[in-house]
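To keep things clear, I will list the structure first and then write my remarks on it.
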Amino acid sequence: MNKKDFDLVGVRLVPERKLYSEKEIVCSSDAVALLSKELGEHDREVFCVLHLSPRGLPLSASITSMGELTSTLVHPREVFKSAVLSSAAGIVLLHNHPSGNLTPSEEDIKTTERIAVCGRVLGIPVVDHIICAEHGYISMRSYGYEHLFNDSENDLNKIRESDTPEIRLPEDKDEDYSSLKISREINGKEMEIPLTRDELSEAFFEQQRIWDESYVRNYLNDRSTDRERRLEFKTQHGVDVGSLMKSDKIISGIAAEMRRKADKYGMSDYEALEEAIQEEAVEIARRRKEKARER
């Protein structure tokens with residue numbers, strides 16, 4: 001029987017610099033006062049997570065994503081990585097809008113919802129999501145989106161579940177999976193209510209798969225926008241970006257390999273994606289050589 005080596009690894013939280021505060025975070029202005037300088041130093045969208053103790057004291061903060069002028073990609077996995085390491089009892093999300101427009105975008109709303117669902121699964125609730133600009137800020141909880149942060153666990157205790165409830169997934173695979181409902185019988189009536197923890201866990205992993213594939217598509221689309229970026233991609237990986245966008249199967253394979261590498265080796269999603277793309281490019285070249293020999 002062959003024995004396979006594996007690594008015994010440890011994960012540590014590494015401080016980059018110190019922020020000072022002995023004040024509990026009891027409202028959005030407290031979080032803004034603590035991190036506004038950090039967010040204000042950037043001319044593009046930056047997504048930051050503030051980790052709180054059970055008393056609401058700030059434990060640490062982490063910049064999880066840095067994007068372009070009007071958008072940034074945020075993955076729940078990156079958001080909660082540092083939160084878990086910080087033993088956070090809750091988190092506050094903050095990101096800036098360099099344009100100055102404080103209105104939450106559709107992507108802001110979906111991202112908040114995804115992360116809030118994941119927080120309920122992990123037992124690390126999302127307290128608020130604050131959007132900052134040069135002239136002010138808004139709290140999404142106070143701006144009409146309180147329902148995104150509500151914990152429905154207490155309501156679930158009152159529900160009489162059917163024997164084999166069926167999760168109703170969206171038909172469009174690109175739809176948001178964070179607001180899944182389930183059909184249940186409550187007081188003799190059929191109603192749709194939020195999922196239990198186990199069901200949320202199942203939805204979380206499905207959501208992560210969808211999110212990973214979306215991340216890969218956005219990455220490839222971004223590099224196919226003009227001739228210069230396509231040539232740069234081909235020089236780096238030895239394959240045209242269009243070859244990787246031909247089928248959902250290729251994108252799914254790259255996304256799965258990205259997640260495997262990121263989870264196994266502790267790589268960032270970007271680093272893991274670059275390696276997964278390179279391996280797929282090598283495989284495409286191998287298949288082409290085989291076909292050429294057969295001819």
Side-chain angles (χ1 to χ4, degrees), residues 1-11 44 64-68 70-81 107 110-111 114 118 167 169-178 201-295:
M1 179 177 178
N2 294 330
K3 293 184 178 180
K4 186 175 181 180
D5 294 335
F6 67 96
D7 296 323
L8 178 64
V9 300
V11 180
R44 62 194 66 192
T64 62
S65 178
M66 187 176 297
E68 299 177 348
T70 57
S71 65
T72 181
L73 292 173
V74 183
H75 199 297
R77 178 177 177 273
E78 301 302 318
V79 169
F80 286 102
K81 185 186 297 181
E107 189 59 33
K110 287 184 177 181
T111 297
R114 291 186 189 106
C118 297
I167 297 177
L169 299 178
E171 293 182 4
D172 185 348
K173 66 180 178 182
D174 291 327
E175 283 185 30
D176 179 36
Y177 272 67
S178 62
S201 296
E202 179 184 337
F204 170 77
F205 288 115
E206 177 65 7
Q207 174 185 303
Q208 180 167 311
R209 182 186 69 79
I210 298 298
W211 185 264
D212 286 343
E213 291 182 8
S214 175
Y215 183 81
V216 173
R217 282 193 180 87
N218 289 339
Y219 176 93
L220 296 176
N221 283 329
D222 185 54
R223 279 143 186 82
S224 66
T225 52
D226 59 54
R227 183 173 179 273
E228 185 177 340
R229 301 204 75 177
R230 290 180 74 99
L231 289 175
E232 181 183 350
F233 184 91
K234 189 170 184 178
T235 300
Q236 180 181 356
H237 295 290
V239 65
D240 186 78
V241 64
S243 299
L244 303 179
M245 301 172 66
K246 284 183 176 179
S247 73
D248 291 340
K249 184 178 180 181
I250 291 177
I251 290 176
S252 297
I254 292 174
E257 183 62 15
M258 175 191 77
R259 180 58 46 228
R260 187 190 72 81
K261 287 179 178 294
D263 290 344
K264 184 174 181 180
Y265 302 114
M267 305 166 69
S268 70
D269 286 350
Y270 179 82
E271 293 171 328
L273 176 55
E274 286 284 338
E275 287 202 6
I277 287 174
Q278 188 59 45
E279 290 180 4
E280 182 63 29
V282 170
E283 180 61 21
I284 288 175
R286 184 190 66 78
R287 291 196 297 265
R288 286 175 177 172
K289 286 181 180 179
E290 284 186 355
K291 286 184 178 179
R293 283 197 298 267
E294 290 173 359
R295 292 172 186 168

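Hydrogens, waters and symmetry mates are skipped; everything else that's a heavy atom, side chains included, is used. For clarity, every value in this text was computed on a predicted model and none was experimentally measured.
Under the 4.5 Å side-chain criterion, counting only non-hydrogen atoms from C-beta, Met245 is not in contact with Ile250. Within the 4.5 Å cutoff, the side chain of Arg288 has heavy atoms near those of the Ser243 side chain.
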Derivation of the side-chain hydrogen bond (donor to acceptor under 3.5 Å, both in side chains) call for Glu274 and Gln236: CA-CA 10 Å; Glu274 286 284 338; Gln236 180 181 356; 2.8 Å; yes
Hey, mind stepping through Val241 and Lys234 against side-chain contact (heavy atoms from CB on, under 4.5 Å) and telling me if it holds? CA-CA 7 Å; Val241 64; Lys234 189 170 184 178; over 6 Å; no
For Val282 and Glu279: C-alpha separation, side-chain torsions, deciding distance, then whether side-chain contact (heavy atoms from CB on, under 4.5 Å) applies. CA-CA 5 Å; Val282 170; Glu279 290 180 4; 5.7 Å; no
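Atom NZ of Lys261 and atom CE of Met267 lie 6.5 Å apart (nearest 0.5 Å). Interatomic distance, CD of Glu271 versus CE of Met258, reported as 12.5 Å (0.5 Å rounding). Atom NZ of residue Lys264 and atom CD of residue Glu257 lie 9.5 Å apart, to the nearest 0.5 angstrom. Distance CZ/Phe233 to CG/Asp222: 11.0 Å, rounded to 0.5 Å. The CZ atom of Arg230 sits 10.5 Å away from the CG atom of Leu220 when rounded to the nearest 0.5 Å. Annotation: the span from Leu231 atom CG to Asp226 atom CG amounts to 9.0 Å, rounded to 0.5 Å.
The local environment of CZ in Arg227 is sparse, with at most 12 non-hydrogen atoms from other residues, nucleotides or ligands closer than 6.0 Å.
Under the 4.0 Å criterion applied to side-chain N and carboxylate O atoms, Glu107 and Lys110 are not assigned as salt-bridge partners. For the pair Glu290 and Arg287, the salt-bridge criterion is not met [side-chain N within less than 4.0 Å of a carboxylate O]. Ion pair Lys246/Asp240 not flagged as a salt bridge, since none of the NZ, NE, NH1 or NH2 atoms sits closer than 4.0 Å to an Asp/Glu carboxylate oxygen. Under the 4.0 Å criterion applied to side-chain N and carboxylate O atoms, Asp269 and Arg259 are assigned as salt-bridge partners. Salt-bridge annotation for Arg229 and Glu232: absent, with no side-chain N of the basic residue lying under 4.0 Å from a carboxylate O of the acidic one.
Glu78 places no side-chain N or O within donor-acceptor distance of the main-chain N or O of His75, the cut-off being under 3.5 Å. Formation of a donor-acceptor pair under 3.5 Å by the Asn221 side chain with backbone atoms of Arg217 is found in this model. Side-chain N or O atoms of Ser214 include none that pairs as donor or acceptor with a backbone N or O of Ile210 at under 3.5 Å. With hydrogens and angles ignored, the 3.5 Å screen pairs no side-chain donor or acceptor of His237 with any backbone N or O of Val239. Arg260 places no side-chain N or O within 3.5 Å of a backbone atom of Ala255 that could act as its donor or acceptor partner.
In this structure, Arg223 satisfies the cation-pi test against Tyr219, with its NZ or CZ atom closer than 6.0 Å to the six-membered ring centre and inside 45 degrees of the ring normal.
Counting all heavy atoms, side chain and backbone alike, Ala262 lies closest to Ala272 at N-CB, 3.8 Å. Heavy-atom minimum distance, Ile284 versus Leu244: CD1-CD2, 3.5 Å.
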